[in-house]
Amino acid sequence: MSFTLRSVKVPPNSVSLDEARHRVFDFFRAACRSIPTVMDIYNLHDVVAPSHLRSVVAAEIRKHASVTNPKVIDMLLFKAMEELNNITEHAKQRHHIIGQYVVGREGLMQDTGAKDQGASNFLKDFYKTNYF
Amino acid sequence: MALRAALLRHVRVPLQTLNPAVTLTGPKWGPPHLRWMSSHDDHLTKNEVTDRVLSVVKCFPKVDPSTVTPDVHFQKDLGLDSLDNVEIVMALEEEFKLEIPDKEADKIDSTNLAIEYIYNHPMAS
């Protein structure tokens, strides 16, 4: 298949953090350039705007922004490339894309908090994480 | 064969020299300097490019729209990081239907560089 050729970019290991950084930006550009195709395949034109998908991809990259080991960055990039290839070759389905990349980025915690409205800010932070 | 050659020598199509006064370009019913289907002066104006670039930058969720001017630097003035820089360049690619090569995209660091690059690009639309 021609579109799985994109995975060829990652195998040789990055020598330095700088090269890994360039690889990350190249991956981000490839992902952004394939967003119109993805929106066509999964029919997302009425659901989400391309700028939203771009922000979501950037947020995913930023989750690992504190990594400094180039080999770990290569591994993360490999997984990201695999995910991108899966999405563009239509191996996923529309509800996967909507659930993972469009709707609620807080994970599975989707309740709108109707029972929590009286809670103080302290309690809200407490429920979210140990360190605040 | 010889008969055919002899016949052909007798039957000749008369040559017509074109009247050099007839203009070959332009429609017959209008002045010849109007070219209806030319895209020669179809480039974007600098004002239009500036407006569109600024609107793309202002719509970026991490940017405060009131601080955006035609001369603002993405990382120094707007407080974005390098990934945001790449994202803004990709948003500009989408807006103007261009494809900016990586070497040029790395250099676009501020709004006036972006406006200049897009204005000078022949394929911007």
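We use all heavy atoms of the structure for the numbers below, so side chains are in, but hydrogens, waters and symmetry mates are not. Chain letters run A, B, ... following the sequence lines, proteins first and then strands; every chain starts at 1.
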Nearest-0.5 Å distance that lies between atom CG in L77(A) and atom OG in S14(A):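 It is 7.5 Å, given to the nearest 0.5 Å.
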pair L17(A)-I73(A): side-chain heavy atoms closer than 4.5 Å: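 A side-chain contact exists here, since the closest heavy-atom pair is under 4.5 Å.
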Side-chain touch F25(A)/D102(B), heavy atoms, less than 4.5 angstrom: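 F25(A) does not reach D102(B) side chain to side chain.
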What part of [X] is in contact with chain A, defined as an atom under 4.5 angstrom from a non-hydrogen atom: side chain, backbone, both or neither?
X: E94(B); result: side chain
X: I88(B); result: neither
X: D81(B); result: side chain

Within one Ile-Leu-Val-Met-Phe-Trp-Tyr cluster: I97(A) and V48(A), side-chain cutoff 4.5 Å: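 Yes; tracing contacts between hydrophobic side chains, which count when under 4.5 Å, links both residues.
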ILVMFWY cluster, V86(B) and V24(A) together (side-chain gap under 4.5 Å):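 Yes.
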NZ (K128(A)) with more than 12 external heavy atoms under 6.0 Å: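 Result for NZ/K128(A): open.
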side-chain hydrogen bond (donor to acceptor under 3.5 Å, both in side chains): pairs with one or both residues in residues 36-48 of chain A, sequence neighbours excluded: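 Those involving residues 36-48 of chain A are D40(A)-H45(A).
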Contact origin within R21(A) toward chain B - heavy atom pairs under 4.5 Å: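 Side chain only.
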Proximity of residues 108-125 of chain B to chain A, residues having a non-hydrogen atom under 4.5 angstrom: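 Residues in range: none.
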Per-residue contacts, residues 47-66 of chain B versus chain A, heavy atoms under 4.5 Å: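 At a heavy-atom separation under 4.5 Å, chain A is reached by P61(B), K62(B).
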Pair E60(A) + K63(A): basic N to acidic O under 4.0 Å: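 Salt bridge present between E60(A) and K63(A).
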Ion pair R29(A)/E93(B), N-O distance below 4.0 Å: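 E93(B) and R29(A): not salt-bridged.
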A31(A) to V57(A) - nearest heavy-atom pair and separation: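 Scanning both residues completely, I find the closest heavy atoms to be CB-CG1, 4.2 Å.
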Set of residues satisfying side chain to side chain donor-acceptor pair (under 3.5 Å) with respect to Q75(B), sequence neighbours excluded: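 With neighbours one apart ignored, the set is empty.
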